[in-house]
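Positions are given from 1 along the sequence. These numbers come from the heavy atoms of this one structure, side chains and all, not from hydrogens, waters or symmetry mates.
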Amino acid sequence: MRCLGRLFLVFVLVVAAAAAWLYREDLRRLVDRTLHPAAAAARIGHPSTGAFTSATAKLSLLQRVRQDSVVLSPDEMVALLARNADFLPGVTFDSISIELGDRTVRIRTVVDSAHLPARLRELIPGHRPYEELIVEGTLTPIHAGLAEFEPQHVRLRGVPLPSGLVARLAAQLSGRGSEGRLEIVLPQAVAGFRVRPEGVTVYRQGVRQ
């Protein structure tokens, strides 16, 4: 019996270690929110008409005033992304939010499950009309008006999914992207940018980053 108890304890420890590894980003984010709640909240953006108008006005400065760069807040950046949210099928403008990191973004949204590929629906138990989707990855500029998003961590209803599979299926449905990456259309004024937790610095075309 003592031997069985030790085996069970080892099994529990292995499961706990595996869970901690799978959800390590959530644990890190939980600790960060607990220790630095204001800073954590400032990195999260939600789209709105006002944020889109403000972002558009800032980008126009790159053309009219010829300044080298502008900084978009998380709200302004997600408003631009949400206007072309067809890179995530089944997503509506007001259901998406982002959290900025160091060259990374964490996209959280609610998707209409009817728009999900059958291969993804088969990976999660049960059926709901709407599902929570969280995708985290790197966002890098390609050229003026186009960025590339490479998913690194994907969860649907809390279930980790293969990021490469999700990216390929989303690219097939949206018609943009390949090889595990998604192409995201942005305003032409966005020639280059750098993602930071405090905001996204957008550079005028020709300015060295």
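Between E132 and R157 there is no salt bridge, since no side-chain N of the basic residue sits under 4.0 Å from a carboxylate O of the acidic one. A salt bridge links E76 with K58: the distance from a Lys NZ or Arg NE/NH1/NH2 to an Asp or Glu carboxylate oxygen falls below 4.0 Å.
Residues E183 and L146 meet the side-chain proximity criterion, which asks for heavy atoms closer than 4.5 Å. With a 4.5 Å cut-off on side-chain heavy atoms, L81 and I184 count as touching. Side-chain atoms of V105 and V135, non-hydrogen and from C-beta on, never get closer than 4.5 Å to each other. In this structure, L72 and L80 have side chains that are in contact, with non-hydrogen atoms separated by less than 4.5 Å.
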Original post:
Does the side chain to side chain contact (heavy atoms under 4.5 Å, CB included) test come out yes or no for I134 and R106, once each step is laid out?
Top reply: CA-CA 7 Å; I134 298 176; R106 181 177 186 264; 3.4 Å; yes

Original post:
After noting the C-alpha distance and the side-chain angles of V202 and L59, does the key distance pass the side chain to side chain contact (heavy atoms under 4.5 Å, CB included) rule?
Top reply: CA-CA 8 Å; V202 180; L59 293 178; 3.9 Å; yes

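Using modelled atom types, no side-chain atom of S97 and backbone atom of H46 make a donor-acceptor pair closer than 3.5 Å. The backbone N or O of F52 sits less than 3.5 Å from a side-chain atom of T56, completing a donor-acceptor pair.
For the residue pair P74 and L100, the shortest heavy atom distance occurs at CG-CD1, 3.7 Å. Nearest heavy-atom pair across V78 and P47 is CG1-N, 3.3 Å. The two atoms that bring A189 and L62 nearest to each other are O-CD1, 3.9 Å, heavy atoms only. The shortest heavy-atom contact between Y130 and V110 is CB-CG1, 3.6 Å.
S69 and T201 share no donor-acceptor pair across their side chains, judged by distance under 3.5 Å alone.
Just one residue in the list R196, R43, R194 forms a salt bridge (charged side-chain N to carboxylate O under 4.0 Å, His left out) with D102, and that residue is R196.
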